[in-house]
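These notes are about the structure you will find just below.
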Amino acid sequence: MHSGVVMAENLPLESLAQKLGVDIDLELLALALAHRSFAYENGGIPHNERLEFLGDSVLGQAVTVLLYTRHPDLDEGSLAKRRAAVVSTVALAEVARHIGLGGYIRLGRGEEQTGGRDKESILADTTEAVIGATYLSAGPAAATALVLRMVEPLLADPERYGAAMDPKTSLQELAARLGAPAPAYSVVADGPDHHREFTATVTVGGIASEIGTGSSKKHAEMAAALAAWRALSAGA
């Protein structure tokens, strides 16, 4: 473990490990925070996508077991809906913001300049990579415990996090309460087929227009919907 490693915004890795509450190898944690844009600009060094792949599996299993045991009355379809909401890109981005993860991510200059530190897709992917790094460094039990600590606020405070877990429905309901037209979405895609980036714009009559990005049309629309819900809620 390398102590004193400093990441973006001069935030030490040790402080992130402390927030996570895990005894994690700092070199592995640094890898989990390395976005592909940073790796590309630094000679093709390793980045976090393999850890993200692992963390996604650990996350899904932990949330599935939690929901299964906590809700014995729910059928398979209801459990699947709740799991999808908890592990969605937008919900994971809220988890990442709660612990200030964005300040630790290593980004390339382009992503840095276009607000990558607060992009839903980057925050969610990095969260999964950190879970994967925890699994490798501290073991399955520690990784599962980390997941449960991360998602508990989503489950315990539905009023606060409901919009993050189902932003399109929340925005539609808010628009109706305000007497505004139903939200309208438009989406454009950019990048190569193997790594498409989607940008969605949502408009609510003449009172809100927000954008969101994601690795799929659905995720981009959810990010845009959450941004619009926040904007309208602040002015409501």
Side-chain angles (χ1 to χ4, degrees), residues 16-17 19-24 29 32 48-102 119-174 200 212 214-227 229-230 233:
L16 178 56
K19 288 181 182 180
L20 297 172
V22 294
D23 183 15
I24 187 170
L29 182 56
N48 65 5
E49 289 183 0
R50 279 174 53 85
L51 286 175
E52 175 198 334
F53 172 78
L54 175 61
D56 176 69
S57 180
V58 175
L59 170 70
Q61 182 185 43
V63 170
T64 298
V65 172
L66 172 66
L67 293 174
Y68 181 89
T69 55
R70 182 174 288 188
H71 300 286
D73 55 321
L74 294 182
D75 61 20
E76 181 270 345
S78 298
L79 289 170
K81 277 188 175 180
R82 293 205 182 194
R83 178 178 62 191
V86 173
V87 304
S88 73
T89 295
V90 176
L92 289 179
E94 287 299 289
V95 168
R97 292 187 182 103
H98 181 69
I99 61 174
L101 186 62
K119 278 185 182 176
E120 267 80 6
S121 56
I122 291 178
L123 287 170
D125 291 348
T126 306
T127 299
E128 291 179 337
V130 167
I131 293 168
T134 301
Y135 181 93
L136 292 179
S137 183
T144 297
L146 173 62
V147 170
L148 299 185
R149 288 196 299 275
M150 284 179 160
V151 305
E152 188 59 40
L154 297 174
L155 302 172
D157 192 355
E159 183 175 339
R160 177 181 175 190
Y161 288 101
M165 294 171 69
D166 190 359
K168 294 183 73 173
T169 299
S170 295
L171 177 61
Q172 186 171 342
E173 291 173 348
L174 179 56
S215 56
S216 70
K217 178 177 179 287
K218 176 183 176 182
H219 289 158
E221 287 182 345
M222 289 173 66
L226 182 59
W229 180 87
R230 285 179 178 146
S233 295

For a quick test of reading the model, state the closest non-hydrogen atom pair linking [X] to [Y] and the distance between them.
| X | Y | result |
| --- | --- | --- |
| His219 | Ser215 | ND1-OG, 3.6 Å |
| Ala223 | Gly212 | CB-CA, 3.8 Å |
| Ile99 | Lys19 | O-NZ, 3.1 Å |
| Ala32 | Asn48 | O-ND2, 2.9 Å |
| Val58 | Tyr135 | CG2-CD1, 3.6 Å |
| Gly60 | Thr64 | O-OG1, 2.7 Å |

Let me confirm one number: the [atom1]-[atom2] distance from [X] to [Y], rounded to the nearest 0.5 Å.
| X | Y | atom1 | atom2 | result |
| --- | --- | --- | --- | --- |
| Asp56 | Leu92 | CG | CG | 8.5 Å |
| Thr89 | Lys119 | OG1 | NZ | 13.5 Å |
| Met150 | Thr127 | CE | OG1 | 5.5 Å |
| Leu54 | Ile131 | CG | CD1 | 9.5 Å |
| Thr169 | Leu174 | OG1 | CG | 12.5 Å |
| Gln172 | Asp166 | CD | CG | 9.5 Å |

Would you say Arg97 has more than 12 foreign heavy atoms packed within less than 6.0 Å of its CZ? yes
With side chains defined as the heavy atoms from C-beta onward, is the minimum distance between Leu155 and Leu66 less than 4.5 Å? yes
For Val65, does its backbone N or O pair with a side-chain atom of Thr69 as donor and acceptor, under 3.5 Å? yes
For Ala85, does its backbone N or O pair with a side-chain atom of Ser88 as donor and acceptor, under 3.5 Å? yes
With Val130, which of Leu51, Leu20, Asp125, Val22 fulfils side chain to side chain contact (heavy atoms under 4.5 Å, CB included)? Leu20
Leu74/Leu67 under side chain to side chain contact (heavy atoms under 4.5 Å, CB included): CA gap, chis, key distance, verdict: CA-CA 9 Å; Leu74 294 182; Leu67 293 174; over 6 Å; no
